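Quantities reported herein were computed from a predicted structural model and do not represent experimental measurements. These values consider heavy atoms only, across backbone and side chains, with no hydrogens, waters or symmetry-generated copies.
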There are 2 protein chains.
Amino acid sequence: MYEMSSNMHGRPPRFSREQIAQVAFESADREGFDAVSMRRVAQELGAGTMTLYSYVHTKDELVALMDDQLMGELLVSEEELARAWPDAFIAILRQTYRLRLKHPWSLAAMQNAGLGRNAARHAEQTLAALEGSPFNDEQKFMVMTVADSFVDGHALHRIEVTTEQAPDAAVRTRSLGALERIASGPYPRMHRSWVALESRRPLAAAWMDESFERGVSAMLEGFVRQFSN
Amino acid sequence: MYEMSSNMHGRPPRFSREQIAQVAFESADREGFDAVSMRRVAQELGAGTMTLYSYVHTKDELVALMDDQLMGELLVSEEELARAWPDAFIAILRQTYRLRLKHPWSLAAMQNAGLGRNAARHAEQTLAALEGSPFNDEQKFMVMTVADSFVDGHALHRIEVTTEQAPDAAVRTRSLGALERIASGPYPRMHRSWVALESRRPLAAAWMDESFERGVSAMLEGFVRQFSN
DNA sequence: CTTTTTATCGTACATTGTACGGTACCATGT
DNA sequence: ACATGGTACCGTACAATGTACGATAAAAAG
């Protein structure tokens, strides 16, 4: 589709789309997704704002490039893929999970991204990691879908809870923090579970990690049984 | 904390917070989450824009009210809760899933919402639905967390795919649509799975539903086995 | 009526995405 | 060497956003 570097017309570009995406990517990591504006990105590149629109039709397209860059970090070596089921598969899930937590904006960005090149490669690799599994092609696809859903959902909830930042948030929104609400309201079971949890510190991170791991293995175990009729 | 209707001072409010939240809620359903602005909501109420700020400190607080209203739709009758494990629990998961699909904006809204009153009630009910299960208190909490993660993640992915609207989207973002990319690139396994899927039409909705159902039961089955050591 | 308290809302400002149009630049054709 | 045409560059402008500020209006309490 694209003409190559021969047969060039007009002024050559100063940047590449990947460069621009990278700057936006790092900006999102540092200042948060909402802080990524066309003006800011352009400024960090030392360019005028509207210059970006020579590289990108719309901001959504820039976001899609960011997402593609992110998914690139998920690609895995061939040796990694060759590991026996279910190790390679679970390793990919863990890596995806870590990536979502490291770049919390990616879950919001995803919405306007579509299936990029690296996302497709990642999916292909995920299917490859299911090679030794007892599933057929359609089942593999479903297991992948379900597992990805769980990974992203778990990351989403974890980010949500973690981002519920310090003490003034409750005041700012005039709503109670989660703990005060549970403690002060008629939520006996929530309270019981909370107490049961408190005896097993540390709470937040380690418990979330265990929850993730158990979720993954429960799901896989269930699928193996379900698809072995 | 709050004074009751006796002992009132000053001008009485024209609206209630719930009213305002409802208008915003319906607006989000009709025009999408991004279309919900303070100006629009105020206009639909027949009020000046800044009037809203007598009811709400910030837009995030309005979003939190919308989320609370949403979670209210999840509350379930006592008879429903009394059903034998795992029926009540699965029923709640299905209902949550349907609600997420019906109000796709809710996943984005959640991010700035925090644990509202109805969300806490919903969690309490979810734990109650686990009453006959073989899990202890801490395990119940984890099963709930994991299940909710899966439900929301599945809805997130499904919305993402569904919203990838018609044919001009690919042009608009200069990126290929998912199908063209899979068809045209080196993604043999994706292609195979896709072919395997095409023989089982209808594709989108029914397959997603099955994927959801299988994911839920796989996960529960796995948890039961895992927690029965 | 006066005072106190609260609701209402017009104006203003900073920030956003991006349409428009002009200018600068470079490879190519003559 | 020069003209041509295509592309990058970017200043300006506009509509829309959240919301701070302060004036005004209204209703209840004294």
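- With rounding to whole Å, Asp34(A) atom CG is found 13 Å from dT17(D) atom C1'.
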What are the atom names and distances for every N/O pair under 3.5 Å that joins the protein to nucleotides 22-26 of chain C?
unit_1  : atom_1 : unit_2   : atom_2 : d
dA24(C) : N3     : Arg11(A) : NH1    : 3.4

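- Under the rule for a ring-ring contact (aromatic ring centres under 6.0 Å, His included), Tyr53(A) has no partner lying at least two apart in sequence or in another chain.
- Taking atom CG of residue Asn112(B) and atom P of nucleotide dG18(D), one finds them 13 Å apart after rounding to whole Å.
- Contacts of Glu138(B) classified as side chain to side chain donor-acceptor pair (under 3.5 Å), with partners at least two apart in sequence or in another chain: Arg200(A).
- With rounding to whole Å, Met38(B) atom CE is found 13 Å from dA20(D) atom C1'.
- A straight line from CG of Leu62(B) to C1' of dT17(D) spans 14 Å, rounded to a whole angstrom.
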Just the atom pairs and distances: protein N or O near nucleotides 9-13 of chain C's N or O, under 3.5 Å.
unit_1 : atom_1 : unit_2   : atom_2 : d
dC9(C) : OP2    : Arg14(B) : NH1    : 3.4
dC9(C) : OP2    : Gly48(B) : N      : 2.9
dC9(C) : OP2    : Thr51(B) : OG1    : 3.1

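- Rounding to whole angstrom units, NE2 of residue His57(B) and C1' of dG18(D) are separated by 15 Å.
- Partners of Glu80(A) by salt bridge (Lys or Arg N to Asp or Glu O under 4.0 Å), not counting sequence neighbours, listed by chain and number: Arg83(A).
- Remark: Thr58(B) is in phosphate contact with dT19(D), judged by side-chain N or O atoms under 4.0 Å from OP1 or OP2.
- In this structure, the CD atom of Glu61(B) is 15 Å from the P atom of dG18(D), given to the nearest Å.
- Tyr53(A) places its OH atom 15 Å from the P atom of dC10(D), with the value rounded to the nearest Å.
- Classification of the Trp194(B)-Phe141(A) ring pair by plane angle, with boundaries at 30° and 60°, yields perpendicular.
- Applying the side-chain hydrogen bond (donor to acceptor under 3.5 Å, both in side chains) test to every pair with at least one member in residues 142-151 of chain A, sequence neighbours left out, gives these pairs: Ser149(A)-His157(B).
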Expected list for residues 64-74 of chain A: side-chain donor-acceptor pairs under 3.5 angstrom, two or more places apart:
unit_1   : atom_1 : unit_2    : atom_2 : d
Asp68(A) : OD1    : Arg117(A) : N      : 3.2
Asp68(A) : OD1    : Asn118(A) : N      : 2.9
Gln69(A) : NE2    : Gln22(A)  : OE1    : 3.1

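- Lys59(A) has its NZ atom 15 Å from the P atom of dA19(C), to the nearest Å.
- Among residues two or more places apart in sequence or in another chain, the salt bridge (Lys or Arg N to Asp or Glu O under 4.0 Å) test is passed with Glu44(A) by Arg30(A), Arg40(A).
- Residues forming a salt bridge (Lys or Arg N to Asp or Glu O under 4.0 Å) with Arg189(A) (at least two apart in sequence, or on another chain): Glu124(B), Glu131(B).
- Using a cut-off of 4.0 Å between Lys/Arg side-chain N and Asp/Glu carboxylate O, Arg94(B) and Asp209(B) are scored as not salt-bridged.
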